[in-house]
Every structure is written in C-alpha cells, then in structure tokens.
Amino acid sequence: MSVLIDPSTGNATFNTVSPGKVPGSYATYEKVVTPDGKSAKFSKKVFDPYGNLISDKDKLEKMSEAKKAASGSDAAQSKKPEVPTGE
C-alpha cells in the first residue's frame, strides 16, 4: 500500500494492488480522502495478465447506491410485496 498527500489540497490518496484469480491478473484500488475525512474517490481497476485494463469501476458511487437502498429511500425498495390470500 502507498499513501500520497497532496500539499495543495491536503487530500490523501491510498493505493493498493491485489492479485486476481486468473494467474498474472491483478486489481488496483485507489481511495482519495479529504482533510475532513470524507471519501472523495474510491475506484477499482482490473487488469489481465498482459496489463490490459479490463474494468474500471467507481466503487464510491456503488457504495452510495447501496446505502440509499438499505435506508429504504428508493421508492422501489419501500414498496411491500403483495401476499396471495388464497381466494
């Protein structure tokens, strides 16, 4: 893992590499945290054994969607399923 601090903004950037399931493949994770502790960016990039970029995902966006769904603020999530009455 590496940590870089941008002196102009005070943001801390954390980077790490994780081996993939396919031999030679790997994923890189990058998270940028502001001086007040809020996540500004969180991404995952997946590479094949030849170093070609396979996937580039914004994990922060996915996390905020999951929080929204878990809180029930999404109208589709808050609708109760119909229960058959057997009539």
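Because the structure is a prediction, the values reported are computed rather than measured.
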Original post:
Nearest heavy-atom pair of Ile54 and Asp48: which atoms, and what distance?
Top reply: CG1-N, 3.6 Å

**OP:** Indicate the atoms forming the closest heavy-atom contact of Ile5 with Pro7, along with that distance.
**Re:** O-CD, 3.2 Å

Subject >> Partners passing side chain to side chain contact (heavy atoms under 4.5 Å, CB included) against Val33 (at least two apart in sequence or in another chain) >> reply: Phe14, Lys31

Subject >> Any residue meeting side-chain hydrogen bond (donor to acceptor under 3.5 Å, both in side chains) with Ser8, in chain and number order, not counting sequence neighbours >> reply: Asp6

**OP:** Please name all residues satisfying ring pair (Phe, Tyr, Trp, His ring centres under 6.0 Å) with Tyr26, sequence neighbours left out, ordered by chain then number.
**Re:** Phe47

Subject >> Contacts of Asn15 that satisfy side-chain hydrogen bond (donor to acceptor under 3.5 Å, both in side chains) - sequence neighbours left out >> reply: none

Subject >> Members sharing Val22's hydrophobic cluster (side chains within less than 4.5 Å) >> reply: none

**OP:** Just jot down the side chain to side chain contact (heavy atoms under 4.5 Å, CB included) partners of Ser18, sequence neighbours excluded, or say none.
**Re:** Tyr29

**OP:** Go through the structure and list residues passing side chain to side chain contact (heavy atoms under 4.5 Å, CB included) with Asn11, not counting sequence neighbours.
**Re:** Thr9, Val32, Thr34, Pro35

Original post:
Is Leu4 isolated, or which residues cluster with it under the ILVMFWY side-chain rule of less than 4.5 Å, directly or via members?
Top reply: none

Subject >> Selection residues 20-30 - residue pairs positive for salt bridge (Lys or Arg N to Asp or Glu O under 4.0 Å), sequence neighbours left out >> reply: Glu30-Lys41

**OP:** Nearest 0.5 Å please: distance from the OG atom of Ser43 over to the NZ atom of Lys57.
**Re:** 12.0 Å

